[in-house]
Amino acid sequence: MLKLTNTLTGQKRDFVPLGDTVRMYVCGPNLYGPCHVGHALSYVVFDVLRRYLEYKGYDVRHVQNFTDIEDRIIELSKSERRSIGDISEQYIQRFLTEMEGLNILRANDYPRATAYIPQMITITQGLIDKGLAYPTDGDVYFRVRAFPGYGKLAKRSLEEMRAGARIEVDPRKEDPMDFALWKASKEAEPAWPSPWGMGRPGWHIECSAMSLTLLGEQFDIHGGGHDVIFPHHENEVAQSEGYTGLAPVVGYWVHNGLLRRTESDEEKMTRHSGNFVSLRDALAAHSADAIRLFLLSAHYRSPRAYSEEEILSYERAAERLRAALEPGDAPSGGRAVETEGYKLRFEAAMDDDLNTPQAMAVLFDLIREVNRGKDRGENVTDVQGLLKELGGVLGLTFQSKIADSVAAQPFVDLLVEVRADLRKARQFALADSIRDRLTKLGVALEDTPQGTKWKMG
RNA sequence: GGCGACGUAGCCAAGUGGUCUAAGGCGGGGGUCUGCAAAACCCCUAUUCGGCGGUUCGAAUCCGCCCGUCGCCUCCA
């Protein structure tokens, strides 16, 4: 039985979906810039959650939003004199390419905020009607003190938050913690007609509108980074539960820990500070498997530091994984290796709030089992099958980053053949010299009883 | 200042009351195999879990204090 930690209750509990299909909403990116590895951590974590749910036999409906209307996109649009649609389209394409590069499964829906303006207006009006929101000068604010549970997700009282407020208080707000559902449009900004005049939505309302529309008034999982608990998700709870009168809106709030840029930096990655490693750069330098193994090597709720060196160490581990899946040359039908125990261990680890470090340990034990079986001349197809299946739950591709250069292939083959003749003639000095030179060029040779194998990378 | 996490080998990281003289990865050392390598396999690499006290028959795991680090407190995955 899968257990998940719910941020709202702070407790790890059995995962029981509300219906036949698991409904999962994951906070997606603001489209004002490229994604970084911190985003990748979050999306990989929820990709693994989805894959594991599907492995366990659930149907999963996975929705991830695109925020295409927000202060920063508007700023960018002004400074670059491009339309919001143009900018968001560019970053959506880049996002999808990078997700594919990381082997993250496509969500069932990628709703864009601007496509849900009518729903946001409906919810906003509904909250006004219930006395949970009030319009002022074309803005509409949520009235936090009218919502009794405000602060329950972030586990903070209104008093505590008011005391720590570090932003100048807008005098039109009834309470400093009241937040905008709708903002009156300023000059030269995108705007939509509403009962309160031309304007645009606040940031938080989009997720309420899209999740309620696409997943229903109550759904199973809502994911995102730890930094988005307050105010974003806190406000979403207030909006959604305030509007529908149903609680909880989300069965399991799941939040991943944040990624820092480096050990020495001691600061989380953020785009606005420029303190980040772009996902594109990471993908250019490393295989998807190495990046995924690195991101999954700590529990998803732990904060991490990005480390090239560490990813490189997982590059080697990923290479062992690939090698283990190469067919053994033992006659088929030999003694098969027992696999059931490994499968159970893997499931027990994943059931325990997605303990991916432990699940990875099972994978590495399986690799050893495969290699041992190969050495003994046993039939390892079953173990390899399990390794591939469980690795697949973690979204591993078993592909190396650098595809062997097709053009160079015949020349390498030629050198390897020449070297084989030299070895036969016991001309070892020359043979070794060829091997050394090839090694320096990035071609690794391996002499096996079946002949010499080589690979690039 | 308030709230919440965390501190385990050279590095990363699981484990949260007895099976822990602590998983797994990377790195390092030795061995088997090999013409020599590589890969693979085998063995070794924390009697100890930030420090000091306490609870308990028993603590890395619970409690208290201290030291250090991080996150949130309307930009944020």
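All chains are named by letter (A, B, ...) in the order of the sequence lines, taking the proteins before the strands, and each is independently numbered beginning at 1.
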*Asks:* Taking atom types as they are modelled, would you say the side chain of A/K268 forms a donor-acceptor pair with the base of B/rC70 within the 3.5 Å cutoff?
*Replies:* no
*Asks:* At 4.0 Å (heavy atoms only), tell me whether A/D436 reaches a base, stays on the sugar-phosphate, or touches nothing.
*Replies:* nothing
*Asks:* Any chance you could encode RNA chain B as dot-bracket? Rule is Watson-Crick or G-U wobble with both distances under 3.5 Å; [ ] for pairs crossing earlier ones, | for another strand.
*Replies:* ((((((((.[[[..)..(.....]]]((((((.......))))))....[[[[[..)....]]]]])))))))....
*Asks:* Do other residues, nucleotides or ligands put more than 12 heavy atoms under 6.0 Å from A/K388 NZ?
*Replies:* no
*Asks:* A/R372 side chain N/O closer than 4.0 Å to the phosphate oxygens (OP1, OP2) of B/rC42?
*Replies:* yes
*Asks:* Strictly below 4.0 Å: does A/S302 bring a side-chain N or O up to OP1 or OP2 of B/rA14?
*Replies:* yes
*Asks:* With a 4.0 Å cut-off, would you call A/E310 and A/R304 a salt bridge?
*Replies:* yes
*Asks:* Are A/E389 and A/K343 within salt-bridge range, i.e. N to O under 4.0 Å?
*Replies:* yes
*Asks:* Which one of A/W182, A/F179, A/Y243 satisfies the ring pair (Phe, Tyr, Trp, His ring centres under 6.0 Å) criterion with A/F142?
*Replies:* A/F179
*Asks:* If you find the nucleotide of RNA chain B closest to A/H39 and the one closest to A/D375, which residue's nucleotide is nearer the 5' end?
*Replies:* A/D375
*Asks:* Each nucleotide N or O in nucleotides 26-30 of chain B that has a protein N or O under 3.5 Å away: list the pair and distance.
*Replies:*
residue, atom, partner, partner atom, Å
B/rC26, OP1, A/R320, NH1, 3.2
B/rC26, OP2, A/R320, NH1, 3.4
B/rC26, O3', A/R316, NH1, 3.2
B/rC26, O2', A/R316, NH1, 3.3

*Asks:* Is any N or O donor-acceptor pair between the side chain of A/R156 and the base of B/rC72 shorter than 3.5 Å?
*Replies:* yes
*Asks:* What pairs of nitrogen or oxygen atoms, one from the protein and one from nucleotides 32-35 of chain B, lie under 3.5 Å apart?
*Replies:*
residue, atom, partner, partner atom, Å
B/rG35, N7, A/R423, NH2, 3.4
B/rG35, O6, A/R423, NE, 2.9
B/rG35, N1, A/D432, OD1, 3.0
B/rG35, N2, A/D432, OD2, 2.6

